[in-house]
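The figures that follow rest on heavy atoms only: side chains count, while hydrogens, waters and symmetry mates do not.
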2 protein chains.
Amino acid sequence: MPDVNFSNPASNPDSRAAEARAAAARDGDLRWDIIELLFFAYRDFVGDADHELEAFGFGRAHHRVLHFVYRYPGLKVADLLDVLRITKQSLGRVLKQLLDEGYIVQKTGNNDRRQRLLFATAKGEALVGRLAGLQTTRINRALADLAPDDAETVRRFLRAMIDRDDPDKVLETIFKTGPATKKD
Amino acid sequence: MPDVNFSNPASNPDSRAAEARAAAARDGDLRWDIIELLFFAYRDFVGDADHELEAFGFGRAHHRVLHFVYRYPGLKVADLLDVLRITKQSLGRVLKQLLDEGYIVQKTGNNDRRQRLLFATAKGEALVGRLAGLQTTRINRALADLAPDDAETVRRFLRAMIDRDDPDKVLETIFKTGPATKKD
DNA sequence: AATTTACGTCAGGCATGTTGACATATCTTG
DNA sequence: CAAGATATGTCAACATGCCTGACGTAAATT
């Protein structure tokens with residue numbers, strides 16, 4: 001029989017002094033509910049893919065790389081670094097695995113022979129497609145509870161949550177297509 | 001002058017064989033747009049807090065612990081493990097730091113003296129409040145672009161994205177409050 | 001010819017997660 | 001009360017994914 005009280009934040013033994021502080025003044029204005037919902041929703045959303053990836057000996061990092069390479073064929077290594085916001089060294093390891101195991105191929109750039117343009121192979125497409133399928137199922141299930149045009153509201157909310165100060169190339173293409181884009 | 005083509009997924013040199021596969025059949029039905037928007041939105045959303053946490057020598061793990069302890073005062077260690085879905089050992093390290101540095105206090109349970117109920121101190125509340133403030137600013141900015149009741153649509157979407165098979169205690173309380181809950 | 005750019009790689013380190021085993025205090029139950 | 005279950009803490013060892021800094025090489029630009 002658990003006796004957790006789950007009472008209101010203000011009623012805890014050590015916060016009497018803090019009640020006069022930000023709590024009373026600002027706490028009620030904070031979006032605690034959405035903050036928590038985002039945490040749980042994203043946890044379960046990526047959990048779909050994480051679970052499947054285990055069977056391949058891959059992690060979340062592999063998924064991200066494969067996803068963006070599939071979605072934006074001919075992506076350069078430098079572009080990928082911009083999008084994922086990780087270092088060359090971190091990317092190097094997972095990219096090497098994906099190349100070695102045949103999920104991605106490199107192709108020397110036509111104009112600039114220094115570049116290694118990245119493409120997903122059929123094997124890579126199959127994997128990323130299966131992962132997107134799992135996540136799509138979850139999204140469709142969630143949208144099914146809502147009105148038809150609420151999907152567009154969700155899209156607009158998510159777009160507005162994204163920083164637009166220094167958009168990388170992928171983000172530019174995402175935002176270039178008007179806010180009313182249905183699917184891709 | 002970059003020469004990335006950013007063409008359609010299907011037009012890549014190694015995927016001819018795959019076109020007949022899932023691509024043509026299912027690719028168009030996948031929610032690529034929302035999948036990517038969720039990635040970028042969550043990246044920037046947690047980025048707000050990550051940046052601030054650096055100044056304290058803390059990471060995302062500390063934030064999560066402090067958040068749930070503040071929000072659900074008297075949370076037991078076991079409850080925290082359920083919510084965060086990590087092991088006792090992982091939690092132990094960050095929790096110890098938060099205790100040592102005075103962001104959280106323990107209190108022996110009244111009914112069950114084995115339990116260590118967790119509470120945020122004033123110092124802990126100040127930090128978690130500042131972090132929630134940053135994230136709230138982003139959420140409010142995003143919602144400002146939408147119609148007033150669209151906030152409820154977003155909440156309902158996020159709720160529906162969450163697994164409800166084995167809800168832990170925190171999730172139970174979140175779902176117990178009706179879907180129309182405004183703020184906490 | 002000199003510099004810059006795109007990419008790769010080596011060495012070492014930190015944070016966060018894991019499994020498995022074990023210890024201690026406390027509650028519950030036969 | 002004795003025996004077992006529960007809540008928590010801790011030790012050792014390890015994996016992953018991230019980091020900084022330095023260096024090398026090929027190809028483009030100036």
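Of the inter-residue distances, the one linking A:L146 atom CG with B:E152 atom CD reads 9.5 Å to the nearest 0.5 angstrom.
OP1 or OP2 of D:dA28 has not a single side-chain nitrogen or oxygen of A:Q115 nearer than 4.0 Å. The side chain of B:S90 places an N or O atom within less than 4.0 Å of a non-bridging phosphate oxygen (OP1 or OP2) of C:dT18. Between A:Q97 and D:dG17, a side-chain N or O to OP1/OP2 separation shorter than 4.0 Å is absent.
If you measure from atom CZ of B:R113 to atom P of D:dA5, you get 23 Å, rounded to the nearest angstrom. Rounded to whole Å, atom P of C:dG17 lies 5 Å from atom CD1 of B:I86. In this structure, CG of B:L117 is placed 16 Å from C1' of D:dG9, rounded to the nearest angstrom. Counting to the nearest Å, the P atom of D:dG17 and the CZ atom of A:R64 are 9 Å from each other. In this structure, the CG atom of B:L81 is 8 Å from the P atom of D:dT8, given to the nearest Å. Atom-to-atom, CD of B:Q89 to P of C:dC22 comes out at 14 Å; the value is rounded to the nearest Å. Residue A:L95 contributes atom CG, which lies 13 Å from atom P of D:dC18 at whole-angstrom precision. Note: CG (B:L53) to C1' (C:dA15) measures 13 Å, nearest angstrom.
Picking from C:dT4, C:dT18, D:dA7 the nucleotide with the shortest atom distance to the side chain of A:R114 gives C:dT4. If you check D:dA7, C:dC7, D:dA27 against the side chain of B:D112, the one that comes closest is D:dA7. Comparing atom distances between the B:K76 side chain and each of C:dC7, D:dT8, C:dA6 picks out D:dT8 as nearest.
Counting heavy atoms from C-beta outward, B:V83 and A:F40 have side chains that approach closer than 4.5 Å.
B:K88 comes within contact range of at least one nucleobase, with a heavy-atom separation under 4.0 Å. At a threshold of 4.0 angstrom between heavy atoms, the contacts of B:R93 include nucleobase atoms, whether or not backbone atoms are also involved. Residue B:G59 is in sugar-phosphate contact alone, with no base atom involved, counting any heavy-atom pair closer than 4.0 Å across all strands shown.
Where A:V94 and B:R116 each meet DNA chain D at their nearest nucleotide, the meeting point lying more 5' is that of B:R116. Judged by closest nucleotide on DNA chain D, B:A78 is the one of B:A78 and A:R60 placed further toward the 5' end.
Counting only distance, with no hydrogens or angles, the side chain of A:R31 and the backbone of B:T136 share no donor-acceptor pair below 3.5 Å.
There is no side-chain donor-acceptor pair under 3.5 Å between A:H63 and A:E52.
Using bins of under 30°, 30° to 60° and over 60° for the plane-to-plane angle, the ring pair A:Y70/B:W32 lands in the tilted bin.
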